[in-house]
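The next block holds one structure in the form of structure tokens; read it before the comments.
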Amino acid sequence: MELVYSSILPRNFYRRDTITVAKELLGKFVVRVIGQDQLIGRIVEVEAYRGFDDPASHASHGMTPRTAPMFGEPGHAYVYFTYGNHHCLNVTTERIGVAGAVLIRALEPVEGINIMHRFRPHVSCVELTNGPGKLTKAFHIDKSLNEIDMTKRGPLFLKRGDSSEPVEMSRSVRIGISAGTDRLWRFFINGNQYVSRVLEGSRIRT
DNA sequence: GAGAAGATCTCCT
DNA sequence: GGAGATCTTCTCA
């Protein structure tokens, strides 16, 4: 467990350009601690959302009670409820006062898969976390975790991977938005079966 | 206070 | 592939 905590992503990781953070989050690990249990998933798909310059972002109209975390300290969780059914998990980026967040859209289950199945019974392993609403359900993430500091040990945080191997990724337009569709701010790991949807994109190598 | 929209998922055809 | 579920948030009067 100590090794897990020592590799938690620090505040400085998030206090950068949102697009850069989004790309570098691929291959990192989400850790959810529930009592004595630990759920871990590898990030395979993300989307970047910014502020006034991004019409698809909740923060495009400025700060509201809901979007306040996007303008706050980087490295915090921004969890919101949508379509009357689903929660979505974001991590805040940029410096204080500048809106930015990265939506975590899909994970590859690594540890605690049996517990994820408890929260999402009757689905295959691939279906557990291959979508923003699915992964929050499998990881038991809801608004009670909104604004939680993800740079400290707690119920939810992100950590580095064990290897520093380059990740081969692609980019595409973001999914489910009606504005800002000219921006290729969705990033996903090439060929990963846990990516939520396959869209035409361009390949990048880091 | 009312109405509309929404970063989704699942079931049914 | 299409439509319904379901409720929070925001805008406008």
Side-chain angles (χ1 to χ4, degrees), chain A residues 14 17-23 25-26 30 41 43-72 74 76-94 98-109 116-148 150 156 158 169-189 193-201:
Chain A
Y14 303 100
D17 173 67
T18 305
I19 311 300
T20 303
V21 176
K23 290 181 199 170
L25 276 176
L26 290 178
V30 175
I43 300 172
V44 299
E45 181 184 348
V46 296
E47 286 179 359
Y49 288 90
R50 308 218 308 191
F52 294 103
D53 62 337
D54 180 7
S57 171
H58 290 164
S60 62
H61 300 295
M63 185 158 65
T64 65
R66 176 166 72 151
T67 62
M70 289 184 74
F71 291 83
H76 285 246
Y78 167 42
V79 181
Y80 67 88
F81 191 70
T82 187
Y83 291 107
N85 283 311
H86 308 289
H87 288 93
C88 292
L89 171 65
N90 296 249
V91 195
T92 61
T93 59
E94 309 277 355
V98 179
V102 176
L103 170 68
I104 298 175
R105 284 192 56 90
L107 298 173
E108 179 180 340
M116 297 178 204
H117 273 297
R118 207 183 301 160
F119 293 125
R120 270 178 63 72
H122 316 304
V123 299
S124 67
C125 190
V126 173
E127 289 285 322
L128 268 178
T129 53
N130 66 337
K134 296 177 184 177
L135 74 89
T136 52
K137 192 167 183 190
F139 274 62
H140 201 242
I141 293 168
D142 57 26
K143 279 201 77 175
S144 67
L145 296 174
N146 191 30
E147 298 191 76
I148 201 168
M150 295 176 76
L156 183 66
L158 301 187
M169 70 173 88
S170 292
R171 67 193 300 171
S172 77
V173 295
R174 292 168 290 179
I175 291 173
I177 59 170
S178 53
T181 51
D182 55 324
R183 288 154 216 213
L184 304 178
W185 287 354
R186 170 176 176 255
F187 304 96
F188 55 96
I189 294 179
Q193 62 178 327
Y194 294 92
V195 169
S196 64
R197 289 186 218 183
V198 178
L199 292 182
E200 197 62 34

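Chain A is the first sequence line, chain B the second, and so forth, proteins listed ahead of strands; every chain is numbered from 1. A quick note: this is a predicted structure, and the numbers were derived from the prediction, not measured.
- Within a 6.0 Å sphere centred on NE2 of A:H58, heavy atoms belonging to other residues, nucleotides or ligands number more than 12.
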Atom pairs, protein N/O to nucleotides 11-13 of chain B N/O, distance under 3.5 Å:
none

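- Helical stems in DNA chain B, defined as runs of 3 or more consecutive Watson-Crick or G-U wobble pairs with both donor-acceptor distances under 3.5 Å, are listed by first residue as B:1-6 with C:7-12, B:8-12 with C:1-5.
- C:dA5 atom C1' lies 13 Å from atom NZ of A:K137, rounded to whole Å.
- At least one side-chain heavy atom of A:W185 sits under 4.5 Å from a side-chain heavy atom of A:R171.
- Contact annotation: the side chain of A:V102 never approaches that of A:Y49 to less than 4.5 Å [non-hydrogen atoms, C-beta and beyond].
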Under-3.5 Å N/O pairs linking protein and nucleotides 4-8 of chain B:
unit_1: B:dG6; atom_1: N2; unit_2: A:Y83; atom_2: N; d: 3.2
unit_1: B:dA7; atom_1: OP1; unit_2: A:H58; atom_2: NE2; d: 2.9
unit_1: B:dA7; atom_1: N9; unit_2: A:Y80; atom_2: OH; d: 3.2
unit_1: B:dA7; atom_1: N7; unit_2: A:H58; atom_2: NE2; d: 3.1
unit_1: B:dA7; atom_1: N1; unit_2: A:N90; atom_2: OD1; d: 2.7
unit_1: B:dA7; atom_1: N3; unit_2: A:Y80; atom_2: OH; d: 2.8
unit_1: B:dT8; atom_1: OP1; unit_2: A:R105; atom_2: NH1; d: 3.2
unit_1: B:dT8; atom_1: O3'; unit_2: A:G133; atom_2: N; d: 3.4
unit_1: B:dT8; atom_1: O2; unit_2: A:H86; atom_2: NE2; d: 2.7

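- Residues A:R186 and A:S172 have side chains that bring a donor and an acceptor to within less than 3.5 angstrom of each other.
- OP1 or OP2 of C:dT9 has at least one side-chain nitrogen or oxygen of A:K143 nearer than 4.0 Å.
- Distance alone, capped at 3.5 Å, places no donor-acceptor pair between the A:R105 side chain and the A:F188 backbone.
- In terms of heavy-atom proximity, A:G100 sits nearest to A:E94 at CA-CG, 4.1 Å.
- Look at NE2 on A:H87: it is 13 Å from C1' on C:dT9, rounded to the nearest Å.
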Practice problem: Given side chain to side chain contact (heavy atoms under 4.5 Å, CB included), test A:R50 with A:I19 step by step and report yes or no. | Solution: CA-CA 9 Å; A:R50 308 218 308 191; A:I19 311 300; 4.2 Å; yes
Practice problem: Using the side chain to side chain contact (heavy atoms under 4.5 Å, CB included) rule, take A:V79 and A:D142 through it: C-alpha gap first, then chi angles, then the decisive distance, then the call. | Solution: CA-CA 7 Å; A:V79 181; A:D142 57 26; 5.6 Å; no
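- Atom CD1 of A:I104 is separated from atom CG of A:L89 by 4.5 Å, given to the nearest 0.5 angstrom.
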Practice problem: Carefully, step by step, assess A:L107 and A:M116 under the rule side chain to side chain contact (heavy atoms under 4.5 Å, CB included). | Solution: CA-CA 12 Å; A:L107 298 173; A:M116 297 178 204; over 6 Å; no
